[in-house]
Structures are given as structure tokens and as C-alpha cells.
Amino acid sequence: MVKIANDFTFSYGFDSNERLIYVLRNLDGIYTEEFLLYCPDRTIGITYTQTDKQLTDIVICRYNNNAIVTVDHAHIINLFSGSSFQYTKEIYRYLGSALVGMEEITGDTMYTKSYHTEYEVTDNKFKLIKQWIN
């Protein structure tokens, strides 16, 4: 039986500079809280489950001249046999100030391989160029 999610709600908190600093997510009864920290060249997001305060995600977005350069995302998975995590790294390429491409690298601690996907930007859309496994 597939349960259809009907209750997706979000609450947001902002600082005095109107930057997003807090997100409360209700994804069909699973509540998480994300806190955002701002540094001059990066933004860090830390997400916990609301009920048992388990760390679930860490995201670091790095910027150069207000353009996103990389996004690193670690998703922590708590299993009955222990913990594992999945990671994703996005690397953005520019020609001058124009975004021209992005490489995405994904993997997890359960497998030794990482998966690479390369995109180019055409007409403001990401177009798949190639994929490979290391």
C-alpha cells in the first residue's frame, strides 16, 4: 500500500537583514529543523530531526563574487546497524559571470564508488553531457 503524503508544511524564520536563518519542515509528520549560518564566502545549513535531535544533513554553499561555486551536502542515515551518510558535491563553472556548467559527484559510505554527472547550461537549462563511475 502506498500512502499519499498530504501534509507538507514549512515555517520560516528570518534575521534583521531578512536572510533566511531557520526552516521547520513537516513532511507528512516527519519534522526537521534547519538552521542557516552565514559567513562572508559561504552559507552553512545544519538540519536535525525535531523529535530526537538527530543530525540529518549538513550543507555548505560556497560563493565567489556572489556566484555559487560549490555545494557540499552530507545526508546522515541512521540505520539499525549504525550510521552511514550520502554525499553530493556540486561544482559550478563560469565563463566570466555566465554560468556555463556544473559537475555533480555523489557517493555514500556503504559503497566505494562515486558517481559523476556533468551538465552544461544552455538556454538557462541544465543539459546532461556525460556520466561516469569512479
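Sequence positions, counted from 1, serve as the residue numbers for this chain.
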May I ask you to decide if [Y]'s main-chain N or O and [X]'s side chain share a donor-acceptor pair within less than 3.5 Å?
{"X": "H75", "Y": "T56", "result": "yes"}
{"X": "T49", "Y": "Q54", "result": "yes"}
{"X": "D15", "Y": "N17", "result": "yes"}

I need the minimum non-hydrogen distance between [X] and [Y], along with the two atoms involved.
{"X": "Y119", "Y": "I129", "result": "C-CG1, 3.9 Å"}
{"X": "V71", "Y": "C61", "result": "CG2-SG, 4.0 Å"}
{"X": "T43", "Y": "Y63", "result": "OG1-CE1, 3.5 Å"}
{"X": "I76", "Y": "D57", "result": "CD1-N, 4.1 Å"}
{"X": "I91", "Y": "I105", "result": "CD1-CD1, 4.1 Å"}
{"X": "D72", "Y": "R62", "result": "OD2-NH1, 2.6 Å"}

Any side-chain heavy atom of [X] within less than 4.5 Å of one from [Y]?
{"X": "T88", "Y": "Y115", "value": "no"}
{"X": "E33", "Y": "Y22", "value": "yes"}
{"X": "L27", "Y": "T32", "value": "no"}
{"X": "T117", "Y": "T106", "value": "no"}
{"X": "I77", "Y": "Q86", "value": "yes"}
{"X": "E118", "Y": "H116", "value": "no"}

Should the pair R93-E103 be classified as a salt bridge under the 4.0 Å nitrogen-to-oxygen rule?
->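 No, R93 and E103 are not salt-bridged.
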Please say whether more than 12 non-hydrogen atoms of neighbouring residues, nucleotides or ligands are located less than 6.0 Å from CG in N65.
->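 For N65, atom CG is not crowded (no more than 12 foreign heavy atoms under 6.0 Å).
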K53 atom NZ, neighbour heavy-atom count above 12 within 6.0 Å =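 More than 12 within 6.0 Å, yes.
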Distance (rounded to the nearest 0.5 Å) between N26 CG and T9 OG1 |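 So the CG of N26 and the OG1 of T9 are separated by 4.0 Å.
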Parallel, tilted or perpendicular, as decided by the 30° and 60° cut-offs, for the rings of F126 and Y92 | perpendicular
Could you tell me how the ring of Y12 sits relative to the ring of F10: parallel (under 30°), tilted (30 to 60°) or perpendicular (over 60°)?
-> parallel
Assigning hydrophobic clusters by single linkage (Ile, Leu, Val, Met, Phe, Trp, Tyr; side-chain heavy-atom cutoff under 4.5 Å), is [X] placed with [Y]?
{"X": "V121", "Y": "L95", "result": "no"}
{"X": "L24", "Y": "F35", "result": "yes"}
{"X": "I68", "Y": "I60", "result": "no"}
{"X": "M102", "Y": "W132", "result": "no"}
{"X": "I58", "Y": "Y48", "result": "yes"}

